[in-house]
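Single-structure report; data block below.
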Amino acid sequence: MSETVNTVNPTTEQPVAEYTLMSEAEANQAVDSANTAFLSWKKTSFAERAELMNNLADQIEKQSDAIIDLMVKEMGKVVEQGKQEVELCAAICRYTAENGASVLEDENRVFEGGTAIITYQPLGVILGNQPWNFPLYQVIRYSAANIMAGNTTVMKHAKNVFGMAELIEKLYTDAGFPEHVYQSLLIDGKTASALIKHDKVRGVTFTGSDGVGKSVAETAASLAKKTVLELGSNDAFVVLSDADVETAVKACVQGRIVNNGETCVAAKRFIITKSVYDQFKTQFLTAFKTLKVGDPRDEDTDLGPMAREDLRDELHKQVMESVAKGASILLGGEVPDGKGWFYPVTILENIKPGMPAYDDELFGPVASFIKAENDAEAMQIANDSRYGLGGGIFTTDKEKAIKLAREEFDTGMVNINGYSLAQPNLPFGGVKDSGYGREHGGFGMREFVNEKTIFISE
């Protein structure tokens with residue numbers, strides 16, 4: 001008997017829809033179909049691919065209302081942030097269409113005795129395993145780049161956003177892409193793990209927890225298959241002694257609550273130099289108290305519910321464990337009564353190593369305050385993490401900030417005096433336990449290609 005999965009609205013706790021999981025045999029057949037499609041897709045011109053990629057951008061914009069409605073229903077995204085995600089995804093498609101040919105064009109070089117062509121050729125079927133928190137963006141950012149490179153894709157989405165998984169496949173179909181160039185597979189983690197071993201899967205990209213990501217990489221590496229990993233993080237935003245505190249507070253509040261706080265590159269640890277700590281704390285607390293947690297459809301809502309009950313329970317457990325080890329609650333920290341998987345905006349201080357708030361990723365609207373004696377110690381604390389995805393520096397000395405960002409901050413991305421999410425034309429990715437490989441900015445189009453050298457003797 002086939003296994004079914006129900007998606008649930010995190011605001012109302014009511015079922016949204018029921019889906020039937022594919023069997024492993026059906027998933028294997030989907031990979032075979034993707035490989036058959038690859039044999040012809042890889043021979044298409046960049047112009048043909050670009051036209052379809054622009055069509056995909058058009059479809060995303062045309063169907064934006066349905067996309068946003070599904071985001072709200074399946075994972076509780078605030079409507080305005082759903083609009084931003086749709087706009088970003090359309091922009092990614094257009095950037096990919098406009099730049100694919102130049103990023104992947106042949107290079108000519110000379111060697112002793114002849115000339116050579118370096119050509120970037122697609123590998124084949126790329127398996128994607130993507131999370132629920134940006135249910136459209138996570139899929140588009142990996143699939144658009146790989147399809148533009150001439151690969152085909154099969155994608156396992158998170159089970160609480162299976163409706164979005166089906167809708168994304170429809171977007172590709174409506175844009176005119178050939179059958180099986182993109183496929184959403186309604187499968188569980190066990191089946192996805194088995195697909196890594198399919199001989200026609202040539203690469204794997206994974207976004208999610210570092211524990212699962214390392215397991216995915218281990219399996220793929222044992223078969224000499226390349227991976228790209230975008231894993232969790234505990235991003236540090238450092239407020240130096242000469243920072244404009246008002247600017248820092250505004251950016252740090254935004255960075256902590258974006259997407260209900262459920263963002264890998266959210267600002268999570270706030271490391272504040274002692275001389276400005278009290279001022280920052282007072283202003284941040286005031287700003288946090290004005291935020292409204294509620295129905296994501298309401299125009300005045302700043303944060304909706306967490307996406308699942310188990311995620312809320314885990315976050316609260318991390319908060320309580322941190323408190324038990326000496327952290328103090330400045331605001332929030334109590335699970336509210338009533339319907340919906342809501343969690344209040346929360347501030348913890350007196351954070352030390354050994355606490356979840358210091359060592360681990362708190363995936364929700366919880367801010368962790370750490371006081372540093374001076375600027376040098378602040379940077380040391382920022383790097384005292386197994387993660388290294390993003391981070392931030394606040395100072396009125398821009399040149400100093402750039403030097404610190406370039407030479408000292410051990411992360412893949414650094415914000416200076418602001419907070420920014422992914423941009424289509426800039427590389428995105430991390431180091432250490434936050435993974436490896438890059439997406440966006442053309443970099444993602446070169447992750448799963450064969451840099452083939454053709455020697456031509458004179």
Side-chain angles (χ1 to χ4, degrees), residues 68 71 75-88 91 133-134 137 232-240 243-272 276-277 279-294 296 298-307 315 330-332 342-349 357 361-370 382 389-396 398 401 405 409 411-424 426 428:
I68 295 166
M71 289 177 179
M75 52 76 58
K77 191 179 294 285
V78 173
V79 169
E80 185 58 35
Q81 293 183 27
K83 293 177 183 177
Q84 294 167 7
E85 184 170 342
V86 165
E87 291 169 0
L88 174 59
N133 57 331
F134 289 89
Y137 160 71
S233 194
N234 193 7
D235 286 5
F237 276 59
V238 182
V239 184
L240 300 179
D244 180 316
V245 173
E246 187 174 340
T247 297
V249 168
K250 182 178 179 181
C252 289
V253 169
Q254 176 195 7
R256 181 57 282 196
I257 68 167
V258 64
N259 201 46
N260 303 335
E262 298 167 312
T263 305
C264 54
V265 287
K268 298 185 176 95
R269 289 180 297 145
F270 300 95
I271 303 163
I272 311 111
V276 293
Y277 183 89
Q279 185 183 358
F280 179 89
K281 171 181 168 180
T282 298
Q283 292 187 25
F284 193 103
L285 182 61
T286 299
F288 245 37
K289 285 180 176 178
T290 66
L291 297 172
K292 180 185 175 184
V293 180
D298 293 345
E299 288 186 6
D300 60 346
T301 293
D302 297 299
L303 296 94
M306 296 191 64
L315 178 66
L330 287 176
L331 182 71
F342 294 96
Y343 199 79
V345 289
T346 298
I347 303 173
L348 300 176
E349 66 173 347
E361 180 175 35
L362 271 59
F363 212 62
V366 180
S368 301
F369 286 4
I370 303 171
L389 187 56
I393 299 172
F394 294 90
T395 170
T396 51
K398 185 171 72 172
F409 220 154
T411 63
M413 300 168 284
V414 182
N415 289 274
I416 294 175
N417 294 329
Y419 178 77
S420 298
L421 287 167
Q423 302 295 319
L426 300 175
F428 185 100

Rounded to the nearest 0.5 Å, how far does [atom2] of [Y] lie from [atom1] of [X]?
X: Met306; Y: Asn260; atom1: CE; atom2: CG; answer: 8.5 Å
X: Phe270; Y: Phe284; atom1: CZ; atom2: CZ; answer: 4.5 Å
X: Ile347; Y: Leu285; atom1: CD1; atom2: CG; answer: 5.0 Å
X: Glu299; Y: Lys292; atom1: CD; atom2: NZ; answer: 10.5 Å

**Q.** side chain to side chain contact (heavy atoms under 4.5 Å, CB included) between Gln81 and Val258, worked out
**A.** CA-CA 8 Å; Gln81 293 183 27; Val258 64; 4.0 Å; yes

For [X] against [Y], the heavy-atom pair lying closest together:
X: Ser233; Y: Gly390; value: OG-N, 4.2 Å
X: Tyr419; Y: Ala266; value: OH-CA, 3.6 Å
X: Ile393; Y: Ala401; value: CD1-O, 3.8 Å
X: Pro305; Y: Gly76; value: CD-O, 3.8 Å
X: Ile271; Y: Ala236; value: CD1-CB, 3.7 Å
X: Gly391; Y: Asp235; value: N-OD2, 4.0 Å

Q.
Please list all pairs meeting salt bridge (Lys or Arg N to Asp or Glu O under 4.0 Å) that have one or both residues in residues 248-271, counting only residues at least two apart or in different chains.
A. Lys268-Glu361

Q. Do you see a donor-acceptor pair shorter than 3.5 Å between the side chains of Lys77 and Asn259?
A. yes

Close side-chain approach of [X] and [Y], heavy atoms under 4.5 Å:
X: Phe394; Y: Val249; value: no
X: Leu426; Y: Met413; value: no
X: Leu291; Y: Val253; value: yes
X: Phe369; Y: Leu330; value: yes
X: Val265; Y: Ser420; value: no
X: Phe134; Y: Leu88; value: no
X: Leu362; Y: Thr346; value: no
X: Asn417; Y: Asp244; value: no

**Q.** Lys398 atom NZ, over 12 foreign heavy atoms within 6.0 Å
**A.** no

**Q.** Qualifying residue for side chain to side chain contact (heavy atoms under 4.5 Å, CB included) with Ile257, from Thr263, Val78, Leu303
**A.** Leu303

Q.
Quick check on side chain to side chain contact (heavy atoms under 4.5 Å, CB included): which of Leu315, Asp302, Val293 does Pro365 satisfy it with?
A. Leu315

Q. How would you list, by chain and number, every residue that makes a side-chain hydrogen bond (donor to acceptor under 3.5 Å, both in side chains) with Glu349, sequence neighbours excluded?
A. Tyr277, Lys281

Q) Relative to the ring of Tyr137, is the ring of Phe428 parallel (under 30°), tilted (30 to 60°) or perpendicular (over 60°)? A) perpendicular

Q: Give a yes or no answer on whether the side chain of Thr290 reaches the backbone of Ala287 with a donor-acceptor pair at less than 3.5 Å.
A: yes

Q. Residues in side-chain contact (heavy atoms from CB on, under 4.5 Å) with Thr411, at least two apart?
A. Phe409, Val414

